[in-house]
Amino acid sequence: MPTSITITSEFSGSVVAKGATDDLSAQLLRHAGFKQIDDWHGRRHRLPTTTPLAEQVAIATHAAEMLRAARYDVTLPPSLDTARMSPPVHALGSYAAGAELLGITDQIRAAEDGASLQRAVDHLLHSEHGALERLREALEAAGEQVNDLDDDAYALADRFGFASEFVSSAQSELVDSEAELRRVGTASTSYAAARTVRDHRGAALATSPAADQAKVSSASSSQPAPLSTTGHPPRASTPQR
């Protein structure tokens with residue numbers, strides 16, 4: 001019976017548990033809040049993509065604790081482990097938005113490749129639902145509300161308006177960066193692989209029969225001309241007239 005379980009985030013944003021498929025691990029995952037799926041792919045456990053980030057972290061951490069207590073080997077990334085997130089979400093009290101952003105920051109720091117980094121950053125940059133767009137709207141609304149409450153506070157309202165425009169500029173600077181983020185790290189890996197191939201190819205050519213023949217030919221052409229019996233190089237024959 002396999003006893004290794006991995007809990008991780010998928011590209012869709014859903015949290016999935018893979019590995020052991022016995023009844024005990026399934027029962028513990030369901031008790032933690034995972035939904036069990038049995039189809040032709042086999043038995044799987046996942047959280048809906050609509051599950052809030054803080055709830056995903058809490059459920060994944062609780063599931064890992066129960067599974068480890070039952071002697072399962074559980075792999076859990078820092079982005080889904082409350083014990084490895086700093087500072088803890090509860091330390092922010094009523095500042096729920098800040099807690100959510102800290103969770104996103106932990107996901108960014110825990111990214112193991114360009115694709116996972118892009119998924120985490122998308123929580124910030126999504127054109128409709130990203131944190132930057134929500135922040136821009138909030139600053140814009142704050143400026144409008146200042147104007148509505150006090151006509152004489154136009155200077156303060158303008159400051160909020162300017163701040164909203166700054167956020168909009170940041171969005172423009174990072175627009176269409178998704179594909180580039182997904183390619184992060186792949187270029188250097190491809191370069192290293194290509195260089196290794198060139199090195200092996202060069203070594204093979206250096207030890208090939210053709211390379212040995214070229215060395216012999218080069219050595220022969222570099223030898224000095226033979227000396228005559230007088231100790232001087234033979235003179236070139238003078239063409240007869």
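Sequential numbering from 1 along the given sequence is applied to the chain's residues. This structure is a prediction, so every number in the text was calculated from the model and none was measured.
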>> Check whether Ser14 reaches the backbone of Leu47 with its side chain - one donor and one acceptor, N or O, closer than 3.5 Å.
In response: yes
> With a 4.5 Å limit on heavy-atom distance, are the side chains of Arg68 and Leu76 in contact?
Replying inline: yes
> Roughly how far, to the nearest 0.5 Å, is the CD atom of Gln56 from the CD atom of Gln107?
Replying inline: 7.5 Å
>> Any heavy-atom pair between the side chains of Leu117 and Ile108 that's under 4.5 Å?
In response: yes
>> Going by side-chain hydrogen bond (donor to acceptor under 3.5 Å, both in side chains), name the pairs with one or both residues in residues 113-128, residues two or more places apart or in two chains.
In response: Asp113-Ser116
>> I'd like to check the side-chain contact (heavy atoms from CB on, under 4.5 Å) partners of Asp73; sequence neighbours left out, ordered by chain and number.
In response: Ser4
> When rounded to the nearest 0.5 angstrom, what distance separates CG in Leu125 from CG in Leu174?
Replying inline: 5.5 Å
> Applying salt bridge (charged side-chain N to carboxylate O under 4.0 Å, His left out), which residue pairs with at least one partner in residues 162-178 are found, sequence neighbours left out?
Replying inline: none
> Has the side chain of Thr61 got a donor or acceptor atom that lies under 3.5 Å from a matching backbone atom of Ala58?
Replying inline: no
>> Please determine whether the number of non-hydrogen atoms from other residues, nucleotides or ligands lying under 6.0 Å from atom CZ of Arg134 exceeds 12.
In response: yes
>> Using the side-chain hydrogen bond (donor to acceptor under 3.5 Å, both in side chains) definition, which of the options Arg46, Arg30, Arg44 pairs with Gln36?
In response: Arg30
> What do the steps show when you test Phe34 against Ile7 for side chain to side chain contact (heavy atoms under 4.5 Å, CB included), and what is the final call?
Replying inline: CA-CA 11 Å; Phe34 281 82; Ile7 302 176; 4.0 Å; yes
>> Given Arg43, which partner from the list Asp22, Asp23, Leu29 fulfils the side-chain contact (heavy atoms from CB on, under 4.5 Å) test?
In response: Asp23
>> Main chain of Phe160, side chain of Ser164: is a donor-acceptor contact present, judged purely on distance under 3.5 Å?
In response: no
>> Contact between Leu181 and Val121 at the side-chain level, heavy atoms closer than 4.5 Å - yes or no?
In response: yes
>> If you apply the rule side chain to side chain contact (heavy atoms under 4.5 Å, CB included), what do you find for Leu124 with Ile104, and how did you get there?
In response: CA-CA 8 Å; Leu124 301 175; Ile104 295 172; 4.1 Å; yes
> Is any NZ, NE, NH1 or NH2 atom of the basic residue among Glu133 and Arg136 found under 4.0 Å from an Asp or Glu carboxylate oxygen of the other?
Replying inline: yes
